[in-house]
Amino acid sequence: MSSGSPLIVLKAPALVGIRRLNALDTVRARIAMAVELGLLRPGERLPPVGEIARALGVGEITVRRALVSLCDQGVLKRRRGRGGGTMVSERPATGGVREIEAYRSAAADVHRLIDQRLLLECGIAHLAATNPGPRRPEELEELEELVACMDRASSWAEFRPCDERFHLAVAAATGLPPAAEQYGSVVRELYRYYLPFPLDYLRESNRGHAELVASLAAGDPLKAVEITRRHVEVLHRTMFVGLGDHPAEPG
């Protein structure tokens, strides 16, 4: 970055607790925590292994091993035949996946990470709304297609990769590579804490994405910043660090 850049270098907090976990244990922890918080409901079928792997950033073999392990512990169950698959147990066992504690113990760091994302993303939204670059039509078209991709998603696992691509595309639309690079580092670190969420909740959050695209198309930086502020601040309440020990409300 040049010495005259207005951007402040922000480093994501050292999330030591989860870094001690291997890939298998992070998958176990994230799915088990989603079950314990009520984000994945009893009897709910999980997406295909390949989709889960892409959403959580791990290999398919790792996901298969994690699902088998959670079935053995009574969190999930496997049903064979037509209409079968891996699903949440009707009465899922709780408290047996000790790796969840590594996530819960990092709550303060996650809140700081959300604040870092808020600072960067508001600046990015302002810059993206005021950057009439030569690729403007193509950038807006890409963002609109990613919003449509999230609307078409049939599961949280399909939704998440489109969500990441959307936010990174907004950063790229600033025309400032340092902004996209710094933001990408923070948002990818935060995605390490991504949990499965009900699809209706995710689709509701996608309305904010559509509103942001509209504000960028209109060249309205103040509106873009306000939409972004609301979109990111809500993470303090809706990520697991805000849900605490209380299950998510239905719908």
Side-chain angles (χ1 to χ4, degrees), residues 18 26-58 63 66-67 70-71 73-79 83-95 97 99-100 103-104 107 110-111 113-114 117 146-167 187 190-212 227-228 230-251:
I18 67 164
T26 64
V27 175
R28 282 168 37 78
R30 292 158 90 176
I31 293 177
M33 182 179 284
V35 172
E36 292 196 9
L37 291 172
L39 302 175
L40 292 174
R41 314 285 173 78
E44 181 174 343
R45 183 180 290 102
L46 270 62
V49 167
E51 290 182 13
I52 296 175
R54 286 189 293 274
L56 301 186
V58 298
V63 172
L67 298 184
L70 291 173
C71 285
Q73 289 185 266
V75 178
L76 305 176
K77 65 179 181 180
R78 178 73 180 169
R79 180 179 295 168
T86 302
M87 54 198 66
V88 180
S89 296
E90 294 299 335
R91 294 184 177 180
T94 60
V97 181
E99 293 84 0
I100 288 176
Y103 278 76
R104 289 193 171 126
V110 174
H111 281 301
L113 193 57
I114 294 169
R117 174 176 172 178
L146 288 169
V147 170
C149 172
M150 286 179 271
D151 272 338
R152 292 192 303 266
S154 60
S155 71
W156 56 267
E158 272 191 62
F159 186 98
R160 204 216 58 86
C162 295
D163 182 69
E164 180 175 356
R165 287 169 56 200
F166 176 87
H167 289 290
V187 78
L190 192 54
Y191 275 128
R192 289 167 62 86
Y193 285 87
Y194 179 87
L195 298 184
F197 253 82
L199 190 56
D200 53 359
Y201 168 84
L202 296 175
R203 285 187 174 139
E204 178 65 24
S205 76
N206 196 35
R207 293 176 58 185
H209 296 149
E211 291 173 358
L212 177 58
I227 292 167
T228 297
R230 294 198 311 264
H231 190 75
V232 179
E233 280 186 341
V234 76
L235 295 177
H236 283 297
R237 302 191 304 275
T238 59
M239 284 189 69
F240 74 92
V241 290
L243 296 173
D245 295 325
H246 303 287
E249 292 295 328

Do you know which two heavy atoms are closest between Ser205 and His231, and how far apart they sit? O-CE1, 3.5 Å

Side chains of Leu202 and Asp163, heavy atoms from C-beta outward: is any pair under 4.5 Å? no

Find out whether Val49 and Thr86 are in side-chain contact, i.e. whether some heavy atom of one side chain is under 4.5 Å from a heavy atom of the other. no

Regarding Thr238 and Tyr201, do their side chains bring together a donor and an acceptor under 3.5 Å, going by distance alone? yes

If you round to the nearest 0.5 Å, how far is CZ of Phe159 from SG of Cys149? 9.0 Å

Decide yes or no for Met33 and Leu195: does some side-chain heavy atom of the first lie under 4.5 Å from some side-chain heavy atom of the second? yes

Judged by atom type as modelled, is there a donor-acceptor pair below 3.5 Å linking the side chain of Arg117 to the main-chain atoms of Leu190? no

Nearest atoms (heavy-atom pairs only) where Cys162 meets Leu146: O-CD2, 4.1 Å

Results of salt bridge (Lys or Arg N to Asp or Glu O under 4.0 Å) for Arg54 - residues two or more places apart only: none

Distance, nearest 0.5 Å, that separates CG of Leu199 from CD of Glu158: 8.5 Å

For the CG atom of Leu212 and the CZ atom of Arg230, what is their distance to the nearest 0.5 Å? 10.5 Å

How far does CG of Leu113 sit from CZ of Arg192, to the nearest 0.5 angstrom? 10.5 Å

Are Tyr103 and Thr26 close enough that some pair of their side-chain heavy atoms sits under 4.5 Å apart? yes

Using side-chain heavy atoms (C-beta onward) and a distance below 4.5 Å, is Ile52 in contact with Trp156? yes

What's the separation between atom CZ in Phe240 and atom CD1 in Ile100, rounded to the nearest 0.5 Å? 10.5 Å

With side chains defined as the heavy atoms from C-beta onward, is the minimum distance between Pro42 and Pro92 less than 4.5 Å? yes

Phe166: what forms a ring-ring contact (aromatic ring centres under 6.0 Å, His included) with it, not counting sequence neighbours? His209

Could you check whether any side-chain N or O of Thr94 sits under 3.5 Å from a backbone N or O of Glu36, counting only pairs where one atom can act as donor and the other as acceptor? no

Using a strict cut-off of less than 4.0 Å between a Lys/Arg side-chain nitrogen and an Asp/Glu carboxylate oxygen, indicate whether Glu164 and Arg160 qualify as a salt bridge. yes

Flag, side chain of Arg78 to backbone of Met87, donor-acceptor distance under 3.5 Å: no

Less than 4.5 Å apart, any side-chain heavy atom of Leu70 and any of Val27? no

Can you find a pair of side-chain heavy atoms, one from Pro198 and one from Leu39, that are under 4.5 Å apart? yes

So, the side chain of Asp151 versus the backbone of Arg203: is there a donor-acceptor pair under 3.5 Å, distance only? no

Return yes when atom CZ of Arg207 has more than 12 non-hydrogen atoms of other residues, nucleotides or ligands closer than 6.0 Å, and no otherwise. no

Shortest non-hydrogen pair, Ala93 vs Val75, comes out as O-CG2, 3.6 Å

Side-chain ion pair, Arg41 and Glu90, N-O less than 4.0 Å: no

Of the non-hydrogen atoms in Val88 and Leu76, which two are nearest, and what is the gap between them? CA-CD2, 3.9 Å

Could you go through the side-chain contact (heavy atoms from CB on, under 4.5 Å) check for Leu46 and Ile31 one step at a time? CA-CA 10 Å; Leu46 270 62; Ile31 293 177; 4.3 Å; yes

List in chain and number order the residues that pass side chain to side chain contact (heavy atoms under 4.5 Å, CB included) with Pro161, two or more places apart in sequence or in another chain; answer none if no residue qualifies. none

Once rounded to the nearest 0.5 Å, what's the spacing between atom OG of Ser89 and atom CD of Glu44? 12.5 Å

